[in-house]
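Residue numbers count from 1 along this sequence. One-based numbering, in listed order, for ligands and for the atoms of each.
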Amino acid sequence: MASPSLVESAKLQAACQAVDNHVTPGVRRLGVGSGSTIVYAIERLKENRNDLHPDLVCIPTSFQSRMLLIEAGFRVGDLDEFPELDLAIDGADEIDAQLNAIKGGGAAHLREKVVAAAARSFILIADHRKDSKTLGEQWKKGIPIEVIPFAYNTVKAKIEQLADSTDLAKGAYSAPAPRAHLRMATAKAGPVVTDSGNLILDADFGLIRDPLKLLGVLKMLPGVVEVGLFCGMANKAYFGLADGSTTCRMPC
Ligand SMILES: O=C[C@H](O)[C@H](O)[C@H](O)COP(=O)(O)O
């Protein structure tokens with residue numbers, strides 16, 4: 001297993017490379033994701049401030065990134081005012097060969113997906129541990145699914161019945177019996193509550209062979225707000241490697 005400092009340095013490398021290559025002076029509306037890797041991207045934006053568009057507006061995807069951007073002195077906006085973005089940059093929990101991604105390890109994937117979809121270009125940044133051929137190889141915590149509180153238990157039951165029913169998602173995943181659990185908070189009693197006031201189910205499907213098919217089935221379950229499967233959205237992914245270099249991939 002890579003040491004924590006190597007992992008942090010890999011995140012830093014990927015973030016700096018992506019910011020340097022993509023946040024050019026022509027970028028005026030920038031979506032900014034959430035998580036630990038994006039912290040490095042915001043720091044790099046700060047370092048590059050003199051080379052950025054003078055009227056740059058950043059659209060954060062969470063309370064976390066909003067606070068970081070404000071502290072760094074950037075102007076923050078929202079999609080009400082800026083519905084179309086030039087670019088969005090975000091981290092990921094795992095990225096497959098086609099650049100489909102699992103996101104939501106920090107429970108921010110609902111707003112992240114809305115912001116990514118509003119952007120003309122969507123760039124992922126990650127350390128080498130997140131790079132895989134098939135989703136589910138590396139990320140073992142399950143697919144994050146944001147649900148309204150009223151529906152969490154019925155959605156959980158529907159997911160766990162998927163394999164027994166007509167299985168609309170047949171062939172999309174490897175787990176013989178998918179299991180879902182409510183994500184619990186660590187510094188609070190009770191469940192994680194998202195920035196939009198919803199709950200998170202983490203559902204283990206094993207290897208995700210057809211993420212788009214699985215996404216379609218999960219989104220059809222009443223009460224599901226968003227699924228942490230980002231299919232066909234990313235234009236490029238930057239991976240920081242253990243040797244200090246960075247590699248960049250396009251969808252194959
Ligand atoms: O909900 C959180 C987001 O999807 C993050 O972008 C994702 O979990 C990756 O986070 P990190 O950069 O901390 O690994």
Under 4.0 Å from any heavy atom of [X], which atoms of ligand 1 are there?
X    : value
D93  : 7 (C), 8 (O), 9 (C)
S34  : 3 (C), 5 (C), 6 (O)
G106 : 1 (O), 2 (C), 8 (O)
G91  : 6 (O)
D90  : 6 (O)
T37  : 11 (P), 12 (O)
S36  : 11 (P), 12 (O), 13 (O), 14 (O)
K103 : 3 (C), 4 (O), 5 (C), 6 (O)

Problem set entry | Whichever hydrophobic residues join Y40 through chains of side-chain contacts under 4.5 Å | L12

Exercise. Is the closest side-chain donor-acceptor distance between N198 and S196 under 3.5 Å?
Worked result: no

Exercise. Any luck finding a side-chain donor-acceptor pair between R209 and S174 under 3.5 Å?
Worked result: no

Problem set entry | N or O pair under 3.5 Å between G35 and ligand 1 | no

Classify the contact between [X] and ligand 1 as side chain, backbone, both or neither, using a heavy-atom distance cut-off of under 4.0 Å.
X    : result
K11  : neither
A92  : backbone
I38  : neither
A126 : neither

Exercise. Could K113 and F230 be counted as a cation-pi pair, given that NZ or CZ must be under 6.0 Å from the ring centre and within 45° of the axis?
Worked result: yes

For this session: Sorted by first residue and then second, give each ring pair (Phe, Tyr, Trp, His ring centres under 6.0 Å) pair with at least one member in residues 70-108; sequence neighbours left out.
Result: none

Hey, does the side chain of [X] reach the backbone of [Y] with a donor-acceptor pair shorter than 3.5 angstrom?
X    : Y    : result
E146 : V224 : no
N153 : K156 : no
D127 : K11  : no

Problem set entry | Test item: L182 and M184 side chains (from C-beta on) under 4.5 Å apart, heavy atoms | yes

For this session: Quick one: look up the protein heavy atom nearest atom 14 (O) of ligand 1 and list residue, atom name and how far away it is.
Result: K130 NZ, 2.8 Å

Seminar exercise, completed: Ranked by distance from atom 3 (C) of ligand 1, the top protein heavy atom is E112 OE2, 3.0 Å

Exercise. Ring centroid separation for H22 and F122, is it under 6.0 angstrom?
Worked result: no

